[in-house]
Amino acid sequence: GQNIDQPTEMTATEGAIVQINCTYQTSGFNGLFWYQQHAGEAPTFLSYNVLDGLEEKGRFSSFLSRSKGYSYLLLKELQMKDSASYLCAVYRVTGGGNKLTFGTGTQLKVEL
Amino acid sequence: DAGITQSPRYKITETGRQVTLMCHQTWSHSYMFWYRQDLGHGLRLIYYSAAADITDKGEVPDGYVVSRSKTENFPLTLESATRSQTSVYFCASSPSSYRDPGAGQYFGPGTRLTVT
């Protein structure tokens, strides 16, 4: 089976740094995605990790440890518009093609 | 317009009725996907398609039917709607293959379906 765990909710202050963790246990692993989803909108792609280590993209960074089944998304210089749900998803290549299995998401609230 | 679109955006139907949700993408992406999103469950894969005329079941396929006669369209049909199928449905497309997974999946705006 596939098991992906994220905290349900987090609260942080504007201008601060927040780390959203994701742990996974899946049958097969070919990479890990992070998506952002604002309320009532579609998920949008943030980052992709396939190798261990940190990938940095502006204010957002994502880290992966394959041996530990662990990833985190780091958001710096938080802005009010960063209030959204953050979805961790494991990418697997199966006999039928490529698939994403999503965690339930972490609802981030940014406060003044 | 370029991109991925879904129709209708909102739909209310009655139990037992057949409903078809449409998905159209203009990128000529090979892969297309249907997800449902419910509180407490996150996004769950219903069906996916690797190319025209190739479809396969995802995690929660029961009660749904798909077809893909053209690369750009991937309709999802609820043959006999039930209240448990009340959800937000997202269509997605991807150019990804195992050689280039980093492109990710691009999601449509979603269809909010209510079954009464």
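Proteins get letters first, then strands, A, B, ... in listed order; numbering begins at 1 in each.
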Taking CD in A:E77 as the centre, count heavy atoms belonging to other residues, nucleotides or ligands within less than 6.0 Å. Is the count above 12?
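Open: at most 12 neighbouring heavy atoms sit under 6.0 Å from CD of A:E77.
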More than 12 heavy atoms of other groups within 6.0 Å of A:R66 CZ
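Correct, the count exceeds 12.
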Hey, quick one: are [X] and [Y] part of the same hydrophobic cluster, counting side-chain heavy atoms closer than 4.5 Å, chains of contacts allowed?
{"X": "B:V88", "Y": "B:L21", "result": "no"}
{"X": "B:F33", "Y": "A:Y91", "result": "yes"}
{"X": "A:I20", "Y": "A:M80", "result": "yes"}
{"X": "B:Y31", "Y": "B:L76", "result": "no"}
{"X": "B:W34", "Y": "B:Y106", "result": "no"}

Between atom OG1 of A:T101 and atom CD of B:E59, what is the distance when rounded to the nearest 0.5 Å?
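One finds 7.0 Å between OG1 of A:T101 and CD of B:E59.
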Could you tell me which of A:G31, A:P43, A:G105 has the largest number of non-hydrogen atom pairs under 4.5 Å with chain B?
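Result: the option with the highest number of such pairs is A:P43.
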How close do B:G108 and A:A42 get, counting heavy atoms only, and between which atoms?
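Shortest heavy-atom contact: O-CB, 3.0 Å.
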Identify the heavy atoms of B:F90 and A:Q37 that sit nearest to each other, and give their distance.
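Closest pair (atom of B:F90, atom of A:Q37, distance): CZ-NE2, 3.5 Å.
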A:I4 portion near chain B, given a 4.5 angstrom heavy-atom threshold:
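The answer is neither part of A:I4.
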Here's a test for you: under side chain to side chain contact (heavy atoms under 4.5 Å, CB included), which of A:Y35, A:F33, A:F45 qualifies with B:Q105?
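Single side chain to side chain contact (heavy atoms under 4.5 Å, CB included) partner of B:Q105 among A:Y35, A:F33, A:F45: A:Y35.
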Heavy atoms, side chains only, cut-off 4.5 Å: are B:L45 and A:K99 in contact?
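Side chain of B:L45 against side chain of A:K99, heavy atoms only: contact under 4.5 Å found.
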With a 4.5 Å heavy-atom cut-off, do A:L100 and B:Y35 have their side chains touching?
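In short, these two side chains touch, coming nearer than 4.5 Å.
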Considering only heavy atoms, which portion of B:Q37 lies under 4.5 Å from any heavy atom of chain A: side chain, backbone, both, or neither?
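For B:Q37, the side chain is the part near chain A, not the backbone.
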